[in-house]
Amino acid sequence: MGDLNWLGFDNLLDIELVSTDPYLIGEAVFIKCESGDGSMETWYTQRATDIRGNQFGIGKLALFEKGYIGQAYTDIISSYIGLTHKFHFTANTSSLLGVDLPNRTKINSLVSNAVVMFDLEIVCDRDMPNTIRVRSSTGAQIYNNDGGAHSYIVVT
């Protein structure tokens, strides 16, 4: 670790776990960052990794995301957008609840004004009795497949 450019290395850190043994098990790197029950994570964000830059990988990837699983609220996506882009709504106390997308200012503050794009996944539980209306925000417009702008979409 450290600046090794003077020795001709272009990596700050190089970690390798290489073997021809097919029974070798383990991880080259294990990072864990957990505290509490997660109830304060929108105020005190902890990250095991924070990567700013391009990534490249060869191999298999198994990714399991906890996302947000719970009741739908008007500001829930804006509150959690810096933590997850996957939302599974299990409850909704209103017959038609408006759920706002985060506005451009919110996204810009999270990504330091970088030009970004991201996927957003919203699932309503099949047993959830009510409907939500996901609403566009300033700088966060909903478009259909033909490029037409919509002020909202209904998700049931």
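In this chain, residues are counted from 1 in sequence order.
Between the side chains of Thr84 and Glu65, a donor-acceptor pair is found at a separation under 3.5 Å.
Ile132 pairs in a side-chain contact (heavy atoms from CB on, under 4.5 Å) with only one of the listed residues (Ile122, Val154, Leu96, Ile76), which is Ile122.
Each of Tyr152 and Ile77 belongs to its own hydrophobic cluster when Ile, Leu, Val, Met, Phe, Trp and Tyr are linked at side-chain heavy-atom distances under 4.5 angstrom. Taken together through direct or relayed side-chain contacts under 4.5 Å among Ile, Leu, Val, Met, Phe, Trp and Tyr, Val29 and Ile51 form parts of separate hydrophobic clusters. Note: the hydrophobic cluster containing Tyr143 does not contain Val134 (ILVMFWY, side chain heavy atoms under 4.5 Å, direct or indirect links). Cluster annotation: Phe118 and Leu83 are assigned to the same hydrophobic cluster (Ile/Leu/Val/Met/Phe/Trp/Tyr, side-chain heavy-atom contacts under 4.5 Å, transitive).
Looking at residues two or more places apart in sequence or on another chain, you find no side chain to side chain donor-acceptor pair (under 3.5 Å) involving Asn92. Listed by chain and number, the residues in a side chain to side chain donor-acceptor pair (under 3.5 Å) with His85 amount to none (sequence neighbours excluded).
Atoms CD1 and CZ, from Ile142 and Arg135 in turn, are 10.0 Å apart once rounded to the nearest 0.5 Å. Residue Lys66 holds its NZ atom at 15.5 Å from NZ of Lys86, rounded to the nearest 0.5 Å.
Judged by distance alone, with hydrogens and angles left aside, the side-chain atoms of Ser137 form a donor-acceptor pair with the main-chain N or O of Leu101 at under 3.5 Å. Asp75 contributes no side-chain N or O that, together with a main-chain N or O of Ser78, makes up a donor-acceptor pair within less than 3.5 Å.
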